[in-house]
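These numbers were taken from a predicted model, which means no experiment stands behind them.
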2 protein chains.
Amino acid sequence: MQRPTIADIARRAGVSKGAVSFALNGRPGVSEATRARILRVAEEINWRPHSAARALGGARANAVGLVIARPARTLGVEPFFARLLSGLQAEFSSQSIALHLMIVEDTQAEIEIYRSWVSERRVDGLVLIDLKVRDPRIAVVEQLKIPAVVVGGPGRHGSVSSVWADDRAAMLSAVEYLAVLGHTRIAHVSGLPEFQHTQRRSRALRDAATRLALPRARSLHTDFSDAQGAAATRKLLAGAGRPTAIIYDSDLMAVAGLGVALEMGVPVPHELSIISFDDSVLAQLTHPSLTALSRDTYRFGVQAAQAMMAVLANPTKTKNHKTETPRLIARESTSPTRN
Amino acid sequence: MQRPTIADIARRAGVSKGAVSFALNGRPGVSEATRARILRVAEEINWRPHSAARALGGARANAVGLVIARPARTLGVEPFFARLLSGLQAEFSSQSIALHLMIVEDTQAEIEIYRSWVSERRVDGLVLIDLKVRDPRIAVVEQLKIPAVVVGGPGRHGSVSSVWADDRAAMLSAVEYLAVLGHTRIAHVSGLPEFQHTQRRSRALRDAATRLALPRARSLHTDFSDAQGAAATRKLLAGAGRPTAIIYDSDLMAVAGLGVALEMGVPVPHELSIISFDDSVLAQLTHPSLTALSRDTYRFGVQAAQAMMAVLANPTKTKNHKTETPRLIARESTSPTRN
DNA sequence: TCCCTCCACTAGACCGGTTTATCATTGCCA
DNA sequence: TGGCAATGATAAACCGGTCTAGTGGAGGGA
């Protein structure tokens, strides 16, 4: 027999298709005895649901969509994505939900994909990452009426649930730590300025600088690449009155920056302290190892997935989940100023 | 109006559903004039195909499945996966094919997922990675009659297409390079022994050792984690007659090994040369930077995707695609022996 | 005993496409 | 002019489920 269908089950069990459907989906309408018999027959002939047929009737796709709008190569270089992805997937897997993944060039293409996935019923929900300032995707998912979770709030994301970490508090703790060590000239090599988390970090730095009366606390924007991270470092270290401490928005850039410093003959940590705003093996394997604002990105992914499943279960109830604040792990790349 | 269907188009264009279907799929059965009119109406009411309805009729799912059977966390740590994934996805995206991704615990679970995806028509094809010796998945995909591509042949993968790199030649080039530099005690910190590529590399090392009359050419197996890479290094360096060169099966382990060597006071490259059997920023950012067998993993992913699409286009025609052989890029971690 | 309700189950419509069988025209050739 | 094939289009079946309206029979209360 080709692929068994519920009609086959119905015939063998001597009942109707409807009864089989009820039995297989655990809903009332059949007696326990009949249900057991139907389930046994289904097992016997190794029946599997046909997702397409189910979806036609308006049922779940059992998949969640994730679109990444960055150059495809960065996915491979940036550890953050891979770890987030594995956390997301691990949690979804436990509910047999697959991840529908696509990498596109820009936000406009991302929105197109959302529209087509939703209209084709390919996914039950969407996970949005890299929340931007005035992000156009928010309006789109609200209009499409599809359950969604934003990774990286809180911000203006309307009625959409979010999962976020307190970047501001993390940045403040890093600056205060450096201030206690005697640093006054602190620089920040940040990511793309249109991202909300980049803005929050930059703003936190400015606020802390004002409060602690630190001069020259400035943020240099990059595209998150190691190349631009290195270039920013070179620029910072070449100028007069160079910083005694640099905070990098990713471990990749921090490692690149460390390389530049050593290459330029600036000893770390003796003349330059380095903090990475993200932790991974990368930060731990360098010499000196990097002081980092550490959080469990894998777990962050797990929490995002849980938030998604909560919204799927009850689309009307949205919520902002605050996750653990990245906390400073002091390693070898920071020390008191010599002064 | 709710979601427009072809029935809506048919009504507005004054034709039948069948004609609309023919027109939209560019097949004969309608005149050019009618086709143009139908397409215009479809455009007007912003019609999108309903993938589920299509799939019911036996059409394409426009998605390819990838299951990774390793602990979810390694996906985030191992740069190889992420780069492969981005290459795959980039190529698939160009044909609007999505990647259906799932991470599972073991091969058995992986096989279960294959069965359910295929029977639910969720995917048009499968990409298999981490080919093992006598891999049970091969028989499964052949039995399921689903187009598949194995990443990392050649080996016993029956009628399934494969994409592979010549690990053997790469390993030989690395060993010969070390031999020319005067190294005679060469060790190999490898990955899981059940993987075919691990075996090919170990065997190539043994063969080269025999041919070049090198004593003590041995392979130590690990699980690819940085922890086991470090442990293997510690073991190698602590013993008497320690190796003067170590080849690591991944850049992650190589970086971890480098850390151990420096920690144990073994200067690199003066007393120990290190080669990484995989290249990435990781290998380039360390000090000293790592000599590596480099290949474009992103491109490897692109080629795997192309092979997949070739099989999708013509399932009967399978082929083994050999990709570029990793070539040695000499950096700072290798030098002649002092002798 | 009659009527009503509840339960277990059935028949069949339905979801949105694809595909096949059929039909009406038209054009061509003998 | 008749016969036949090719063309353009239609109606209806079909894919494999879900879901709703409806049916028959058992049980309970008056």
Need one value for B:R35: base, sugar-phosphate or nothing, where a base atom within 4.0 Å counts as base even if backbone is also close, heavy atoms only.
nothing
Rounded to whole Å, CZ of A:R37 lies from C1' of C:dC9 at a distance of 11 Å
For atom CG of A:N25 and atom P of D:dC19, their distance in whole Å
8 Å
Can you figure out which of C:dG16, C:dC9, C:dT20 approaches the side chain of B:F22 most closely?
C:dT20
Is any side-chain N or O of B:T5 closer than 4.0 Å to OP1 or OP2 of C:dG16?
no
Which part of the nucleic acid, if any, lies within reach of B:V15 when heavy atoms closer than 4.0 Å are counted: base, sugar-phosphate only, or nothing?
sugar-phosphate
Please give, in whole Å, the distance from D:dC19 C1' to A:L24 CG?
15 Å
Under 4.0 Å: is that the gap between some side-chain N or O of A:S31 and OP1 or OP2 of C:dC9?
yes
Assess whether one donor atom and one acceptor atom, taken from the side chain of B:K17 and the base of C:dG17, lie less than 3.5 Å apart.
yes
Atom-to-atom span, NE2 of B:H50 to P of D:dC15 - whole angstrom:
19 Å
Give the minimum heavy-atom separation between B:R35 and B:F22, together with the two atoms involved.
NH1-O, 3.5 Å
For D:dT18, does either OP1 or OP2 sit under 4.0 Å from a side-chain N or O belonging to A:S21?
yes
Whether A:W47 contacts D:dG17 is assessed here as follows: a side-chain N or O lying under 4.0 Å from the phosphate OP1 or OP2. Is that the case?
yes
Using a strict threshold of under 4.0 Å (side-chain N to carboxylate O), is an ion pair present between A:R40 and A:E43?
no
Taking the side chain of A:S16 as heavy atoms from C-beta outward, which of C:dT10, C:dC9, C:dT20 is closest to it?
C:dT10
Assess whether side-chain contact (heavy atoms from CB on, under 4.5 Å) is satisfied between B:H321 and B:Q306, documenting all intermediate values.
CA-CA 10 Å; B:H321 304 258; B:Q306 287 169 342; over 6 Å; no
For residues B:V150 and B:I138, determine if any side-chain heavy atom of one lies less than 4.5 Å from a side-chain heavy atom of the other.
yes
To the nearest angstrom, the CD1-P distance between A:I6 and D:dG17 comes to 5 Å
Heavy-atom distance under 4.5 Å between the side chains of A:M308 and A:E91, does that happen here?
no
Hey, is the side chain of A:R27 poking within less than 4.0 Å of OP1 or OP2 on D:dT18, counting only N and O atoms?
no
In this structure, how many angstroms lie between the C1' atom of D:dG17 and the CZ atom of A:R11, rounded?
15 Å
